[in-house]
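We name chains A, B, ... by the order of the sequence lines, and we start the count at 1 in each one. Side-chain atoms are counted along with the backbone in the values below, which use heavy atoms only and exclude waters and symmetry mates.
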Protein chains: 2
Amino acid sequence: MVTRDDVARHAGVSVAVVSYVVNNKNNVKEETRQKVLRAIEELGYNPNMAARSLKTRKTNQIGVLFNNLGNSFETGISLGLEQRARQYDQSLIFQTYIRSEEHKLKSIFSGRTDGIILMGQSLKPETIEHFAKFGVPLYSVLKPVQDHAYVRSIDIDWYDAMLKLVEHLKSLGHHKIGFMANAMHDHYHHVRFLHFRQAMEASGLEFEEHSLLQAGGYLESAYDRMSNRIKANPKLPFTAIVCAGDLMAIGVLSACKDCGLSVPGDLSVAGCENILMTSHTTPTLTTIHYPRKEIGYMAVDTIMGQIHNGDEPTDSTFGFELMIRQSTVKPTG
Amino acid sequence: MVTRDDVARHAGVSVAVVSYVVNNKNNVKEETRQKVLRAIEELGYNPNMAARSLKTRKTNQIGVLFNNLGNSFETGISLGLEQRARQYDQSLIFQTYIRSEEHKLKSIFSGRTDGIILMGQSLKPETIEHFAKFGVPLYSVLKPVQDHAYVRSIDIDWYDAMLKLVEHLKSLGHHKIGFMANAMHDHYHHVRFLHFRQAMEASGLEFEEHSLLQAGGYLESAYDRMSNRIKANPKLPFTAIVCAGDLMAIGVLSACKDCGLSVPGDLSVAGCENILMTSHTTPTLTTIHYPRKEIGYMAVDTIMGQIHNGDEPTDSTFGFELMIRQSTVKPTG
DNA sequence: TTGTAAGCGTTATCAT
DNA sequence: ATGATAACGCTTACAA
């Protein structure tokens, strides 16, 4: 490892001068600067980030808490996060969130990160307050189920989105609409479910508890859940189903195909995210466009404001769009 | 921020003792240990990782170089990396690799990472030698196009895989086989392409240059490329096409559908990765199963061996499996 | 069993 | 314009 001392010695200046050059201070004679730059070049010197962080109390790293790296909805958001973070010269340090290991986050991120971006997780108050105490900003993409004063978020207006989707289905003639979501109560799908129910009510439609299908994870579990449901009783209590995640909707599509249920003939299916795949399924999938990249950008902008300017973040919502495609049509009969 | 000094003062012991306790040294009286633990608890203390890294010269962070966070093949590998890294208590710091910004990696990772896992990138020799000089191990999932003595890799045997795939198509009666890949010459698709050509030759089939379709990125660009190709001349010079990436294959499927070309009736299509989606397309996709998670595990195991035991890594290959599904059948006519 | 103190590679204050 | 030097929070001989 080449240190600043080595550079200083090599260039025949003091360690301070090397720092000045590295940090672009304007108080260094051009000649000296060149000498130092040459030394840096010759030795292949790069400042040690750990040492720098220790001294400056800035890490230039932002933590990102995933739920599932394999979910293209979440990676789509990260794509936005990553691009924007790069512009700020910030590195992202990714962690998959596992509730039973939540306490580890405190040590993992200690002195490692200037702020943390969540993806809808409802952290334990104790954890949140730990970070609050040490002034580490938390900001969430996707509104967490459990609200906490220290964690503001950016999301779309799910109530409005669900209302549009439900109204769309209703206008086609659907009155019995099912819903499929991740079973975890603190999962971000829960927010979608709550708003779906409200939208149903506002539309004068009744939602029946047995029309809620819970599936553990993503595509495969949705496929299994739907297949089993159909096999148990091919007569479904709804003519359309909304899936909290697009991957789930694709699993449902696939299950219907394999079980001989025609979509959209026998059942209309809708998703909630507009991941790329949804325009390439057969049939193409009606869904809500979630502006992943833009929201990723805004999340980074916001947390950077918190970190560098001490901005007080607020909850904000971003526009969505209802994408009507082939998977939703008038119910038969 | 609570420091070790605060804890020491609060517990009425010296700073060293706090360190002993934190690092589970066995030379601390049980009573003192309890006192310290209580102080840690009460103050909400967590060791500052930056400071610890500086002293111990271990960061417990591993860099991961992505090409595209939006590609589920790559995120599938990361899923394996992440899971295994967690077991070693290592954090992953993700960077999207951009060739024109490659030099930045040196500073970004300086003092930040104990090793770096690549995903098939051919780094510039200068960059590789920089990390070699400072003893930062580099290890690649996916064999890079450009070989370098310092960068060993784990991958499947692409020649064998392509041979199996080509033989499968040949046995169905295909003699003209097209190939679609990312155009970048240093992209990991290139490795697949080279082995495909060898496999064609070994199978006694001729590969014609105009049967190589290059598409920039992933699903959408593959879709565009294929659509344009069909529109330009619906009579394709091949009866089957192998796509270097599954997402590309899905794009091709979609393009064929939209252009009125039937798969597998008019054209057989195969992929190379077996991402989850490939078993849910219409038709389901013949592809090569790439054991992403297992390879991710092994990559972490290997680099941990390099980091902690100074192991000399070697190139290794992992088993694959040919997944024959609906998208490849006997050519008509 | 516990404490003292040096040092990891920086930055930043204060002299010069 | 440049140079000493004291932190930053931690680990680890070595001393007590």
Between Ala50(A) and Val13(B), which is nearer to the 5' end of DNA chain C once each is assigned its nearest nucleotide?
->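 Mapping each residue to its closest nucleotide by heavy atoms, the 5'-most match is Val13(B).
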
On DNA chain C, check which nucleotide each of Ser110(B) and Asn27(B) is closest to and give me the residue with the more 5' one.
->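 Result of the comparison: Asn27(B).
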
With a 4.0 Å cut-off on heavy atoms, is Ser53(B) in touch with a base, just the backbone sugar-phosphate, or nothing at all?
->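 Counting heavy atoms under 4.0 Å across all strands, no contact is made by Ser53(B).
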
Salt-bridge present ([X], [Y]; N to O < 4.0 Å):
X: Arg86(A); Y: Glu82(A); answer: yes
X: Glu126(A); Y: Lys106(A); answer: yes
X: Asp147(B); Y: Arg152(B); answer: yes
X: Arg57(B); Y: Asp114(B); answer: no

Whole-Å gap separating [atom2] ([N]) and [atom1] ([X]):
X: Met1(A); N: dG9(C); atom1: CE; atom2: C1'; value: 8 Å
X: Glu31(B); N: dT2(C); atom1: CD; atom2: C1'; value: 13 Å
X: Arg9(B); N: dT2(C); atom1: CZ; atom2: P; value: 19 Å
X: Leu54(A); N: dA6(D); atom1: CG; atom2: C1'; value: 13 Å

CG-CE distance between Asn67(A) and Met184(A), expressed to the nearest 0.5 angstrom =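 Here the interatomic distance stands at 10.0 Å.
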
Report, one pair per line, the protein and nucleotides 10-12 of chain D atoms (nitrogen or oxygen only) whose separation is under 3.5 Å.
from	atom 1	to	atom 2	distance (Å)
dC10(D)	OP1	Tyr45(B)	OH	2.6
dC10(D)	OP1	Asn48(B)	N	2.9
dC10(D)	OP2	Arg4(B)	N	2.5
dT11(D)	OP1	Asn23(B)	ND2	3.4
dT11(D)	OP1	Arg52(B)	NE	2.7
dT11(D)	OP1	Arg52(B)	NH2	3.2
dT11(D)	OP2	Ser19(B)	OG	2.7
dT11(D)	O2	Lys55(B)	NZ	3.4
dT11(D)	O4	Arg4(B)	NH1	3.2

When you look at CD of Glu30(B), are more than 12 heavy atoms from neighbouring residues, nucleotides or ligands closer to it than 6.0 Å?
->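 Check passes, neighbour count above 12.
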
